[in-house]
2 protein chains.
Amino acid sequence: MKFKAFVYVSLKSGYSDPEGDATAEALRGLGYGVEKVRASKAYQVTFEAKDRAAADELIEEMCKRLLTNPTKDDYRYELSEA
Amino acid sequence: MKFKAFVYVSLKSGYSDPEGDATAEALRGLGYGVEKVRASKAYQVTFEAKDRAAADELIEEMCKRLLTNPTKDDYRYELSEA
């Protein structure tokens, strides 16, 4: 079966996020009442797995081994059949 | 009122995505049956607006004016009260 996962990777709170800060500053410069921006990465991964439980396990592994840095990143994903 | 928007920015289909391709190749190298990866950016924006309709309009404007490049990017967002 084919699955699609949307993976969102963001810095753990406590880590400074210069890109987010710069984006917030730029939005304020344009006149928007922005309090805070956090910038993050997202991946849309299409992959094969034998069932949903296996797909969950696989995407979890991919996040830990390659897509995120568990020391400094938080991540979450949405999994659906493709 | 305070609102929080999650904005997801991805390349329009048709635009090549070298980062996604490299990520897919790396995941395959680790033994995962990955068909395709699309890499994208995400922003979590906390901002002030007088009501939900105004918040919708503001975040739409921020996307078009700064967060995305309408020529090459697709975007979507989820808006909620913060």
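Labels below follow one simple rule: chain letters A, B, ... track the order of the sequence lines, proteins then strands, and each chain is numbered from 1. As the structure is a computational prediction, the values presented were derived from the model and not from experiment.
If you measure heavy-atom distances from Leu66(A) to chain B, the contacts under 4.5 Å come from the side chain alone. Contact of Phe6(A) with chain B is made through the side chain alone, with heavy-atom distances under 4.5 Å.
Following chains of ILVMFWY side-chain contacts shorter than 4.5 Å, one cannot reach Leu11(B) starting from Leu67(A), and the two form parts of different hydrophobic clusters. At a threshold of 4.5 Å between side-chain heavy atoms, the hydrophobic network of Ile, Leu, Val, Met, Phe, Trp and Tyr places Leu27(A) and Val9(B) in one connected group.
Counting heavy-atom pairs closer than 4.5 Å to chain B, the top-ranked of the candidates Ala82(A), Ala39(A), Ala49(A), Ala42(A) is Ala42(A).
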For chain B and chain A, give me every donor-acceptor pair shorter than 3.5 Å, distances to one decimal.
{"from": "Lys2(B)", "atom 1": "NZ", "to": "Glu35(A)", "atom 2": "OE1", "distance (Å)": "2.7"}
{"from": "Tyr8(B)", "atom 1": "OH", "to": "Arg76(A)", "atom 2": "NH2", "distance (Å)": "3.2"}
{"from": "Glu19(B)", "atom 1": "OE1", "to": "Lys41(A)", "atom 2": "NZ", "distance (Å)": "3.1"}
{"from": "Glu19(B)", "atom 1": "OE2", "to": "Lys41(A)", "atom 2": "NZ", "distance (Å)": "3.0"}
{"from": "Tyr32(B)", "atom 1": "OH", "to": "Glu61(A)", "atom 2": "OE1", "distance (Å)": "2.5"}
{"from": "Tyr32(B)", "atom 1": "OH", "to": "Arg65(A)", "atom 2": "NH1", "distance (Å)": "3.2"}
{"from": "Gly33(B)", "atom 1": "O", "to": "Glu48(A)", "atom 2": "N", "distance (Å)": "2.9"}
{"from": "Glu35(B)", "atom 1": "N", "to": "Thr46(A)", "atom 2": "O", "distance (Å)": "2.7"}
{"from": "Glu35(B)", "atom 1": "OE1", "to": "Lys2(A)", "atom 2": "NZ", "distance (Å)": "2.8"}
{"from": "Lys36(B)", "atom 1": "N", "to": "Thr46(A)", "atom 2": "O", "distance (Å)": "3.3"}
{"from": "Lys36(B)", "atom 1": "O", "to": "Thr46(A)", "atom 2": "N", "distance (Å)": "2.8"}
{"from": "Arg38(B)", "atom 1": "N", "to": "Gln44(A)", "atom 2": "O", "distance (Å)": "2.9"}
{"from": "Arg38(B)", "atom 1": "O", "to": "Gln44(A)", "atom 2": "N", "distance (Å)": "2.8"}
{"from": "Ser40(B)", "atom 1": "N", "to": "Ala42(A)", "atom 2": "O", "distance (Å)": "2.7"}
{"from": "Ser40(B)", "atom 1": "O", "to": "Ala42(A)", "atom 2": "N", "distance (Å)": "2.8"}
{"from": "Ser40(B)", "atom 1": "OG", "to": "Ala42(A)", "atom 2": "O", "distance (Å)": "3.4"}
{"from": "Lys41(B)", "atom 1": "NZ", "to": "Glu19(A)", "atom 2": "OE1", "distance (Å)": "3.1"}
{"from": "Lys41(B)", "atom 1": "NZ", "to": "Glu19(A)", "atom 2": "OE2", "distance (Å)": "2.9"}
{"from": "Ala42(B)", "atom 1": "N", "to": "Ser40(A)", "atom 2": "O", "distance (Å)": "2.8"}
{"from": "Ala42(B)", "atom 1": "O", "to": "Ser40(A)", "atom 2": "N", "distance (Å)": "2.7"}
{"from": "Ala42(B)", "atom 1": "O", "to": "Ser40(A)", "atom 2": "OG", "distance (Å)": "3.4"}
{"from": "Gln44(B)", "atom 1": "N", "to": "Arg38(A)", "atom 2": "O", "distance (Å)": "2.8"}
{"from": "Gln44(B)", "atom 1": "O", "to": "Arg38(A)", "atom 2": "N", "distance (Å)": "2.9"}
{"from": "Thr46(B)", "atom 1": "N", "to": "Lys36(A)", "atom 2": "O", "distance (Å)": "2.8"}
{"from": "Thr46(B)", "atom 1": "O", "to": "Glu35(A)", "atom 2": "N", "distance (Å)": "2.7"}
{"from": "Thr46(B)", "atom 1": "O", "to": "Lys36(A)", "atom 2": "N", "distance (Å)": "3.3"}
{"from": "Glu48(B)", "atom 1": "N", "to": "Gly33(A)", "atom 2": "O", "distance (Å)": "3.0"}
{"from": "Glu61(B)", "atom 1": "OE1", "to": "Tyr32(A)", "atom 2": "OH", "distance (Å)": "2.5"}
{"from": "Arg65(B)", "atom 1": "NH1", "to": "Tyr32(A)", "atom 2": "OH", "distance (Å)": "3.2"}
{"from": "Arg76(B)", "atom 1": "NH2", "to": "Tyr8(A)", "atom 2": "OH", "distance (Å)": "3.2"}

